[in-house]
Amino acid sequence: MHALDTEKVYSLEDLVSWPGEGVSLAVLGHPVKHSLSPAMHNAALAHMAEREPSFRDWRYYKFDVTPESLPEALPNFAAAGFVGLNLTVPHKVVALPLVASADPEATRMGAVNTLKRTEAGWIGANTDGYGLENALREELDARLPGATVVLLGAGGAARAAAVRCLDRGCARLWLGNRSSERLQELVRQLEKAGLGERLRTFLLAEPPAVPADAILINATSVGLHEDDASPLDLRGYREPLRVFDMIYRPPRTALLRQAQEQGWPNANGLAMLVHQGVRSLEIWSEADVPVQAMQQAAEQASSQS
Ligand code: NDP
């Protein structure tokens, strides 16, 4: 049974004396102190252990790992007996060439957030798109097939979202970004992945007209600071939109407040975080994962942090 502290931030030095018993999982990030993942996963594992005793000695930890040390860290986690890893900022893209193989969706996204240890080495997946699609359905009753999606941002989160929307058959994807360079780079990556049709682009300074009920997703980092303005001024839109902000801390960004004022359906990114975690734990455990337990733990941990 693990006697380690799942709230503590561990470092690579701790791997040297990592206890061999039990099944260890972890999130690697830099910084990682405020990650909600240990609370979510350990709550889910406690529920799973009630019906399946083999999960009693599964624990999920957090490790602060710099991007420079990731190449040497991954084999060390395998040697220390870890069976699954989540990767968060800034590791998702740099880890892709470090894994033995990655599934096709992660390859198209250019990033991995979930690693599973196998005899062949770490294999990678990306559960962010799954998390997004489930959150849209659960929170906004919004489905991707046939939808018009307006996606703000051109970084890693936007690329994962764009691949999922196009893979799942959205009718039209509007991609909007502040800088034209990064926007064009994202378009090139999507074209290279065979996903170049159905795309429209715009700069945030020149927002387009979009049909009613379009799904608007914020995948920019605008809103992370309490006093950030909305990345797109929703007051210019007459037709209702369904608005999803990937940001969950703070819980109500200026974008979501504007959507609320317009009376439109809106939700923050906490459910996306939960569902990507659910899918990761399914991959590692090959068992049913209690969504409700993860959701409650995420809400509680996020309100305390
Ligand atoms: P990146 O740093 O890769 O991309 C940031 C994006 O934000 C770029 O498109 C950038 O535009 C834009 N941006 C930054 N500052 C401004 C500004 N002042 N005005 C307009 N646009 C701006 O970040 P990620 O893609 O990794 O993450 C984006 C967001 O998604 C973060 O807030 C992150 O927390 C969230 N996220 C949430 C998840 C969840 O589970 N809920 C999962 C993953 C991410 P430009 O190209 O012009 O610089």
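Whatever order the structure lists ligands and atoms in, that order sets their numbers, starting from 1.
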According to side-chain hydrogen bond (donor to acceptor under 3.5 Å, both in side chains), does anything in residues 92-107 pair up with another residue at least two apart or in another chain? List the pairs.
Lys92-Asp128, Glu105-Arg164

Is the closest basic N to carboxylate O distance between Arg143 and Asp141 below 4.0 Å?
yes

Residues in ring-ring contact (aromatic ring centres under 6.0 Å, His included) with Phe82, at least two apart?
Trp18, Phe63, Phe77

Spatial distance of atom OH (Tyr60) from atom OG (Ser35) [nearest 0.5 Å]
6.0 Å

Kindly state each residue pair satisfying salt bridge (Lys or Arg N to Asp or Glu O under 4.0 Å) with at least one member in residues 248-276, sequence neighbours excluded.
none

Should Leu132 and Val243 be regarded as members of a common hydrophobic cluster, given that ILVMFWY residues are connected when their side-chain heavy atoms come within less than 4.5 Å of each other, either directly or indirectly?
no

Using a 4.0 Å cut-off on heavy atoms, what residues surround ligand 1? Order them by chain and number.
Lys92, Gly153, Ala154, Gly155, Gly156, Ala157, Asn177, Arg178, Ser179, Arg182, Leu204, Ala219, Thr220, Ser221, Val222, Leu224, Met246, Ile247, Tyr248, Gly269, Met272, Leu273

